[in-house]
Amino acid sequence: MRSRLMAILCVLSSTIILSGCETNNAQQSVVSSPAPVVDTTTTTKNKSTLPSPKARPKSEPTYPPAEQVIAWHANQCGGFKVAPVKQAYLGETELKHFFKYMCLNVNTDPNAVMSKLLKLDLAYFWPDDIKQYLWLQKQQVTMQINAKKEQQALNDKMQETLSSLATIEQQLLLREDTKEQ
């Protein structure tokens with residue numbers, strides 16, 4: 001027990017001595033180093049060339065309410081007038097551009113609309129109500145993509161049926177010609 005206590009005291013005293021020496025060395029190096037000379041002409045030049053940091057705005061940027069997003073969508077697709085809003089919302093221009101693109105291209109190229117919608121969804125930390133509206137738009141575009149695939153499958157099947165009917169008709173005409181001869 002006594003030897004254990006002595007070992008602990010030796011370790012503690014050596015750490016105190018070493019840390020004290022490090023502290024004294026640090027203080028001596030600070031005192032012994034001369035103060036740097038500052039050239040005032042270069043600092044004024046640097047101040048003018050470097051951008052001054054702007055103070056962060058006191059209010060956080062605001063997202064539009066869901067009603068406003070729906071109104072922008074209806075306005076971009078036509079037939080709905082939006083009352084002008086003085087406040088600028090976060091993501092407003094992106095939403096308006098997307099809705100305009102969506103209204104023009106959802107029937108012709110729904111895959112491109114879906115990719116833009118996914119990019120828009122990941123571009124901001126949307127509030128829950130806007131996320132739900134974008135989710136509904138994803139569902140609508142997905143239905144459009146599936147409908148387009150089904151229509152293409154139906155067209156392929158109809159084309160196959162028409163070609164087989166044309167083949168049967170040619171065979172029947174050939175039989176009639178052989179019977180007549």
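The first residue of the sequence shown is numbered 1, and numbering continues consecutively from there.
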- prompt: Out of curiosity, does Y63 fall in the hydrophobic cluster containing W135 (side-chain heavy atoms, cut-off under 4.5 Å, transitive links)?
  reply: no
field: I130 reachable from V82 in the ILVMFWY side-chain graph, under 4.5 Å edges
entry: yes
message: Can a side-chain donor-acceptor contact be found between Q152 and D156 if the only test is distance below 3.5 angstrom?
response: yes
message: Nearest 0.5 Å, please: how far is CZ in F99 from CG in L117?
response: 8.5 Å
query: Do F98 and L104 belong to the same hydrophobic cluster, where Ile, Leu, Val, Met, Phe, Trp and Tyr are linked whenever their side-chain heavy atoms lie under 4.5 Å apart, directly or via other members?
result: no
field: For Q144 against V106, the heavy-atom pair lying closest together
entry: CG-O, 3.3 Å
query: How many angstroms lie between NE2 in H97 and NZ in K116, if you round to the nearest 0.5 Å?
result: 10.5 Å
Beyond-backbone contact of D129 with E67, side-chain heavy atoms, under 4.5 angstrom: no
field: Approximate separation, where rounding is to 0.5 Å, of S164 OG and Q159 CD
entry: 10.0 Å
message: Holding to salt bridge (charged side-chain N to carboxylate O under 4.0 Å, His left out), I want the full list of residues that pass it with K138, two or more places apart in sequence or in another chain.
response: D121
message: Once rounded to the nearest 0.5 Å, what's the spacing between atom NZ of K157 and atom OG1 of T161?
response: 5.5 Å
task: Indicate yes or no: at least one non-hydrogen side-chain atom of V141 is less than 4.5 angstrom from one of M102.
output: yes
query: CG of N155 to CD of E150: how many Å apart, nearest 0.5 Å?
result: 12.0 Å
- request: Give every residue pair that meets the disulfide (SG to SG under 2.5 Å) criterion with at least one member in residues 112-157, sequence neighbours excluded.
  value: none
L122 reachable from Y101 in the ILVMFWY side-chain graph, under 4.5 Å edges: no
May I have the list of side-chain donor-acceptor pairs in residues 72-79 shorter than 3.5 Å, sequence neighbours left out?
from	atom 1	to	atom 2	distance (Å)
H73	ND1	Y133	OH	2.5

Whether over 12 other heavy atoms sit under 6.0 Å from Q139 CD: yes
- prompt: How close do P64 and L95 get, heavy atom to heavy atom, and via which atoms?
  reply: CG-CD1, 4.2 Å
Distance-only check: which donor-acceptor pairs under 3.5 Å involve side-chain atoms of residues 168-179, not counting sequence neighbours?
from	atom 1	to	atom 2	distance (Å)
T178	OG1	L174	O	3.2
T178	OG1	R175	O	2.7

Sub-4.5 Å side-chain heavy-atom contact between L120 and W126: yes
message: For a 4.5 angstrom cut-off between non-hydrogen side-chain atoms, does D109 reach V113?
response: no
task: Working to the nearest 0.5 Å, report the span between CG of L136 and NZ of K131.
output: 12.5 Å
Heavy-atom pair of closest approach, residues M114 and I145: CB-CD1, 4.1 Å
- request: Among residues two or more places apart or on two chains, list those pairs meeting disulfide (SG to SG under 2.5 Å) that have a residue in residues 107-181.
  value: none
Tabulate below the donor-acceptor pairs under 3.5 Å that side-chain atoms of residues 84-92 make, not counting sequence neighbours, or state none.
from	atom 1	to	atom 2	distance (Å)
Q87	NE2	T62	OG1	2.8
E92	OE1	Y89	N	3.3
E92	OE2	K96	NZ	3.0

- prompt: Any side-chain donor paired with an acceptor under 3.5 Å for D128 and Q132?
  reply: no
